[in-house]
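Notes follow the structure.
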Amino acid sequence: MATNLYCISNWFSYFLVEANSPLEAIAKEYSREYRYLDNESLSDDTVVSVMCCEYKGYVETCLEQLAFDADRVLWMDAYPETLRFQSYKTGEANVIS
């Protein structure tokens, strides 16, 4: 499997990580378990623990133009193709929509 570059954030930090998948990228920096949140089902009450985008093309171009990681995090939050994940405890359902 080819390694890709992902940008990830837990709102407090921002990283570029090489990994085979978004979940692997998240696991390399954050030591919890995460479940995928379908962007279509997000509401104002949804707790998003981590965001992830593949760092290529349009995403790379936009993020490289920003000077601060805080701006990159805000851009990721606004970008509709950003993958969002929620932390959960082992034993809870890991629902992937």
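All values derive from a computational prediction rather than experimental measurement.
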[X] and [Y]: which non-hydrogen atoms are nearest, and at how many Å?
| X | Y | result |
| --- | --- | --- |
| V59 | C7 | CG1-SG, 4.2 Å |
| N39 | P80 | ND2-O, 3.2 Å |
| W11 | V48 | NE1-O, 2.9 Å |

> Is there a side-chain contact between E81 and Y58, using heavy atoms and a 4.5 Å cut-off?
Replying inline: no

>> In terms of relative ring orientation, are Y79 and W75 parallel, tilted or perpendicular, with 30° and 60° separating the classes?
In response: parallel

Which distance, rounded to the nearest 0.5 Å, do you find between the [atom1] of [X] and the [atom2] of [Y]?
| X | Y | atom1 | atom2 | value |
| --- | --- | --- | --- | --- |
| Y30 | C52 | OH | SG | 10.0 Å |
| R35 | Y88 | CZ | OH | 7.5 Å |
| M51 | N10 | CE | CG | 9.0 Å |
| I26 | S87 | CD1 | OG | 11.0 Å |
| Q86 | R32 | CD | CZ | 10.0 Å |
| K28 | E24 | NZ | CD | 5.0 Å |

> Is it true that F15 and L74 fall in one hydrophobic cluster, defined by side-chain heavy atoms closer than 4.5 Å?
Replying inline: no

Please check: side-chain N/O of [X] versus main-chain N/O of [Y], any donor-acceptor pairing under 3.5 Å?
| X | Y | result |
| --- | --- | --- |
| R72 | L66 | yes |
| R84 | T82 | yes |
| N4 | Y55 | no |

> Yes or no on side chain to side chain contact (heavy atoms under 4.5 Å, CB included) for F68 and V73, after CA distance, side-chain angles and deciding distance?
Replying inline: CA-CA 9 Å; F68 302 104; V73 172; over 6 Å; no

> Per the side chain to side chain contact (heavy atoms under 4.5 Å, CB included) rule, which among V17, L83, V50, I8 passes with P22?
Replying inline: L83

> Regarding S41 and D38, is there a side-chain donor-to-acceptor distance under 3.5 Å anywhere?
Replying inline: no

> Any side-chain donor-acceptor pair under 3.5 Å between Y6 and S21?
Replying inline: no

